[in-house]
Amino acid sequence: QVQLEESGGGLVQPGGSLRLSCAASGTILTISAMGWYRQAPGGQRELVAAITNDGSTNYADFVKGRFTISRDNGKNTAFLQMNSLKPEDTAVYYCLPISTPQYMGILPPPPPGDSVWGKGTLVTVSS
């Protein structure tokens with residue numbers, strides 16, 4: 001089973017930036033789309049951004065123009081550059097290999113308790 005480890009979260013002021021990283025074991029990263037999800041306190045896990053293995057990207061409307069997803073297939077890593085952060089971006093961020101319907105936001109991700117998820121990385125945007 002693929003192991004996922006997210007990092008790069010922290011406390012940042014509104015308007016600031018963070019770069020999240022996702023390290024995946026195995027080789028699935030080279031053949032799968034990758035997604036970044038987030039879950040705010042009391043909220044549902046939602047798709048933030050996704051990238052296919054050929055570099056096509058998809059973003060949620062609420063991060064368009066502010067976040068950029070990228071990946072390095074050779075190193076089994078994915079990244080999420082987050083700029084112009086807002087307090088409402090506060091959440092735990094997770095990465096996950098995803099299917100095409102999940103990439104398009106049509107199919108929901110596995111439930112939060114599923115073993116496919118990593119521990120996530122907490123992003124707190126506050127002054």
Side-chain angles (χ1 to χ4, degrees):
Q1 187 172 353
V2 174
Q3 301 296 317
L4 299 164
E5 183 174 359
E6 302 90 349
S7 62
L11 174 63
V12 63
Q13 292 186 342
S17 298
L18 283 174
R19 187 178 192 234
L20 306 184
S21 298
C22 168
S25 65
T27 58
I28 191 170
L29 197 65
T30 62
I31 60 174
S32 297
M34 287 295 296
W36 280 98
Y37 291 82
R38 72 184 187 186
Q39 186 167 10
Q44 293 190 343
R45 200 158 294 188
E46 58 186 358
L47 181 65
V48 175
I51 186 169
T52 65
N53 58 357
D54 65 359
S56 298
T57 57
N58 185 30
Y59 294 94
D61 287 343
F62 50 79
V63 302
K64 282 182 179 177
R66 301 189 298 124
F67 290 12
T68 303
I69 188 172
S70 59
R71 63 190 291 176
D72 184 336
N73 292 339
K75 296 182 179 179
N76 287 350
T77 55
F79 307 95
L80 187 67
Q81 177 67 43
M82 306 187 298
N83 299 328
S84 302
L85 283 161
K86 305 175 181 180
E88 51 264 43
D89 294 319
T90 295
V92 179
Y93 286 71
Y94 303 86
C95 66
L96 190 71
I98 57 175
S99 65
T100 298
Q102 289 169 328
Y103 164 84
M104 298 176 66
I106 297 172
L107 189 67
D114 195 293
S115 61
V116 298
W117 295 102
K119 295 181 179 180
T121 185
L122 175 63
V123 172
T124 303
V125 185
S126 175
S127 55

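Atoms considered below: every heavy atom in the structure, side chains included; atoms not considered: hydrogens, waters and symmetry mates.
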Which residues satisfy the side-chain contact (heavy atoms from CB on, under 4.5 Å) test with [X], sequence neighbours excluded?
X	answer
Lys86	Arg66, Glu88, Asp89
Ser21	Ser7, Phe79
Thr100	Met104
Val12	Leu18, Leu85, Val125

With rounding to the nearest 0.5 angstrom, report the [atom1] to [atom2] distance, [X] to [Y].
X	Y	atom1	atom2	answer
Ile51	Cys95	CD1	SG	12.5 Å
Trp36	Tyr59	CH2	OH	12.5 Å
Thr77	Asp72	OG1	CG	4.5 Å
Met34	Gln102	CE	CD	11.5 Å

State whether the side chain of Thr121 and the backbone N or O of Glu6 hold a donor-acceptor pair below 3.5 Å, judged by distance alone.
no
Has the side chain of Glu5 got a donor or acceptor atom that lies under 3.5 Å from a matching backbone atom of Ala24?
no
Quick check: closest heavy atoms across [X] and [Y], and the distance to 0.1 Å?
X	Y	answer
Gly9	Leu20	N-CD2, 3.6 Å
Val116	Pro110	CG2-CG, 3.8 Å
Ser99	Leu107	OG-CD2, 4.2 Å
Pro14	Ser127	CD-N, 3.7 Å

Taking ring pair (Phe, Tyr, Trp, His ring centres under 6.0 Å) as the test, write out the residues that go with Tyr93, two or more places apart.
none
My understanding is that only residues two or more places apart in sequence, or in another chain, count here; which of them pass ring pair (Phe, Tyr, Trp, His ring centres under 6.0 Å) with Tyr37?
Trp117
Take Leu4 and Leu96 through the test side chain to side chain contact (heavy atoms under 4.5 Å, CB included) and record every step on the way to the result.
CA-CA 7 Å; Leu4 299 164; Leu96 190 71; 3.8 Å; yes
Is Leu11 reachable from Leu122 through a run of I, L, V, M, F, W or Y residues, each pair having side-chain heavy atoms under 4.5 Å apart?
no
Mind checking whether Leu80 and Phe62 sit in one hydrophobic cluster, side chains of I, L, V, M, F, W, Y counted as touching below 4.5 Å?
yes
For Asp114, enumerate each residue passing the salt bridge (charged side-chain N to carboxylate O under 4.0 Å, His left out) test, keeping only those at least two apart in sequence or located in another chain.
none
List the residues meeting salt bridge (charged side-chain N to carboxylate O under 4.0 Å, His left out) with Glu46, not counting sequence neighbours, and say none if there are none.
Arg38
Would you call Ser70 and Gln81 a side-chain contact if the rule is heavy atoms closer than 4.5 Å?
no
4.5 Å side-chain heavy-atom contact, Ser56 and Tyr103
yes
Contacts of type side chain to side chain donor-acceptor pair (under 3.5 Å), residue [X], not counting sequence neighbours:
X	value
Ser115	Gln1
Gln39	Arg45
Thr57	none

Identified side-chain contact (heavy atoms from CB on, under 4.5 Å) counterpart of Val63 within the set Val48, Asn83, Ile69
Val48
Can you list every salt bridge (Lys or Arg N to Asp or Glu O under 4.0 Å) pair that touches residues 51-64, not counting sequence neighbours?
Asp61-Lys64
